[in-house]
Amino acid sequence: MKSIKDIDKKYVMNTYNRYDLELVEGMGVNAYDVDGKEYVDLSAGIGVNCLGFCEMGWVASVTQQLCKLNHVSNLFYSQPNALLAKSLCERTGYDKVFFANSGAEANEGAIKLARKYSFDKYGEGRAKIITLVNSFHGRTMATLTATGQDVFHNYFFPFLGEFSYVEAGNIDAVKELVEKGDVCAVMLELVQGEGGVVPLDKNFVKSVRKLCDDKDVLMIIDEVQTGVGRTGKFLAQEHFGVKADVTTLAKGLGGGLPIGAVLASEKCSATLGFGAHGSTFGGNPIVCAGANYVLARMDEDFLYEAEQKGEYFQEKLAEIDGVEDVSGLGLMIGFKVKDTTSSDFVKEGIKRGLIMLTAKQKVRLLPPLTITYDEIDKALTIIKSMIEK
Ligand SMILES: *Cc1c(COP(=O)(O)O)cnc(C)c1O
């Protein structure tokens, strides 16, 4: 029989440059490959498995729902869906939620919402959306257009019109664009994830908030990666002292199942009404049961712990000789390693039983938020040994 690697290469479109690793099982922060070798997982499936692999309570919630009602269309009411929307709103102070299936889809929803909000109030000619250089918002046509990185823009022309890109921190450039009167939204990540784990300047974010208020432009914060406790607060915007008009969530929300959410504040929560948007799978009961469990686990103590562990991890990394430019917030961490590329370092990590991610030139860590101090120390020991060789 051919190996899984060969079958994959032959039949799955080669859009991912996969590492030479096939995982078959996981428990908590540990994953196991086909040969039974153990790994410490600091990737959480790109920030998705926020409670680690197969957390028992999560598995129970999901399987209970699975055995009760696997899917129901959005033409009907469903308890896990309604209760998740309620918890999200109560948790964040938002007014209403739309459920999608991924980060890109959540951002698509936010883009549509912003354009309709402006059209309803001001008519045509106000469709422009400002995003940041070095941002990442997804791979669909609209979210790819929103993504301010040329590398993603090859081949796929023409893009949607009416997107402009501004350097993070350059409030004058945002102001200049907004003052032309054709802007309906500013969309940004608070810590640019794929862009290299780059936190934005707090004053810049606050200035954008004020500018948006003054000009009735919607502020959209893409918390697909930073949200749901990743930075040690439920939403990263709590660190920045702002609240967006629209916030998008995805990665960690389902604890390992595909879900996206668009959270809208009162001022724009009625913008998408009957027929204006929809999704067949969005808010599926099983996925919502997983997310409901995640939210129930993520109380104040849980978040405080995650924040503390993030600080500890970052401090200890910075103490290692050869580690440079440690950046991030909570358990969203980036760093460089002297004399090696991030991708070579990650490849070497896999050989040593450590799963990490890259974000441009940075090594990126998005461990399960449930990681323990002992597990962090174990990971640090491996990282140290890799640098000292
Ligand atoms: C991952 C990510 C997305 C895209 O999410 P998908 O689920 O892959 O569509 C969008 N925005 C940010 C900030 C992300 O990190």
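Atoms within a ligand are numbered from 1 in the order they appear, just like the ligands themselves.
In this view, Phe313 satisfies the ring-ring contact (aromatic ring centres under 6.0 Å, His included) rule with no residue, not counting sequence neighbours. Scanning for side chain to side chain contact (heavy atoms under 4.5 Å, CB included) contacts around Lys96 gives Ser269, with sequence neighbours left out.
Just one of Val183, Val186, Val217, Val178 meets the side chain to side chain contact (heavy atoms under 4.5 Å, CB included) condition when paired with Lys128; it is Val183.
Less than 4.0 angstrom separates some heavy atom of Glu189 from each of these atoms of ligand 1: 13 (C).
Remark: minimum distance from atom 2 (C) of ligand 1 to any protein heavy atom is reached at Lys251 NZ, 2.5 Å. Here the protein heavy atom with the shortest distance to atom 11 (N) of ligand 1 is Asp222 OD2, 2.7 Å. Nearest protein neighbour of atom 5 (O) of ligand 1, counting heavy atoms only, is Gly103 CA, 3.3 Å.
Of all the heavy atoms of His137, the ones lying under 4.0 Å from any atom of ligand 1 belong exclusively to the backbone. Residue contacts with ligand 1 for Ser102 involve both N, CA, C or O and side-chain atoms from C-beta outward (heavy atoms, distance under 4.0 Å). Looking at Asn107 against ligand 1, only its side chain comes within 4.0 Å, counting heavy atoms.
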Under the side-chain contact (heavy atoms from CB on, under 4.5 Å) criterion, do Leu357 and Leu366 qualify, and how do the steps go?
CA-CA 8 Å; Leu357 298 161; Leu366 301 172; 3.8 Å; yes
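Considering both main-chain and side-chain atoms, Ala104 comes within under 3.5 Å of ligand 1 through a nitrogen or oxygen pair. For ligand 1, none of its N or O atoms has an N or O atom of Glu105 under 3.5 Å away. Between Gln225 and ligand 1, a contact under 3.5 Å exists for at least one N or O pair.
Ion pair Lys362/Asp325 not flagged as a salt bridge, since none of the NZ, NE, NH1 or NH2 atoms sits closer than 4.0 Å to an Asp/Glu carboxylate oxygen.
Residue-environment remark: CD (Gln308) exceeds the threshold of 12 foreign heavy atoms within 6.0 Å.
Inter-residue side-chain proximity for Asn134 and Tyr165 is flagged as unmet; no heavy-atom pair is nearer than 4.5 Å.
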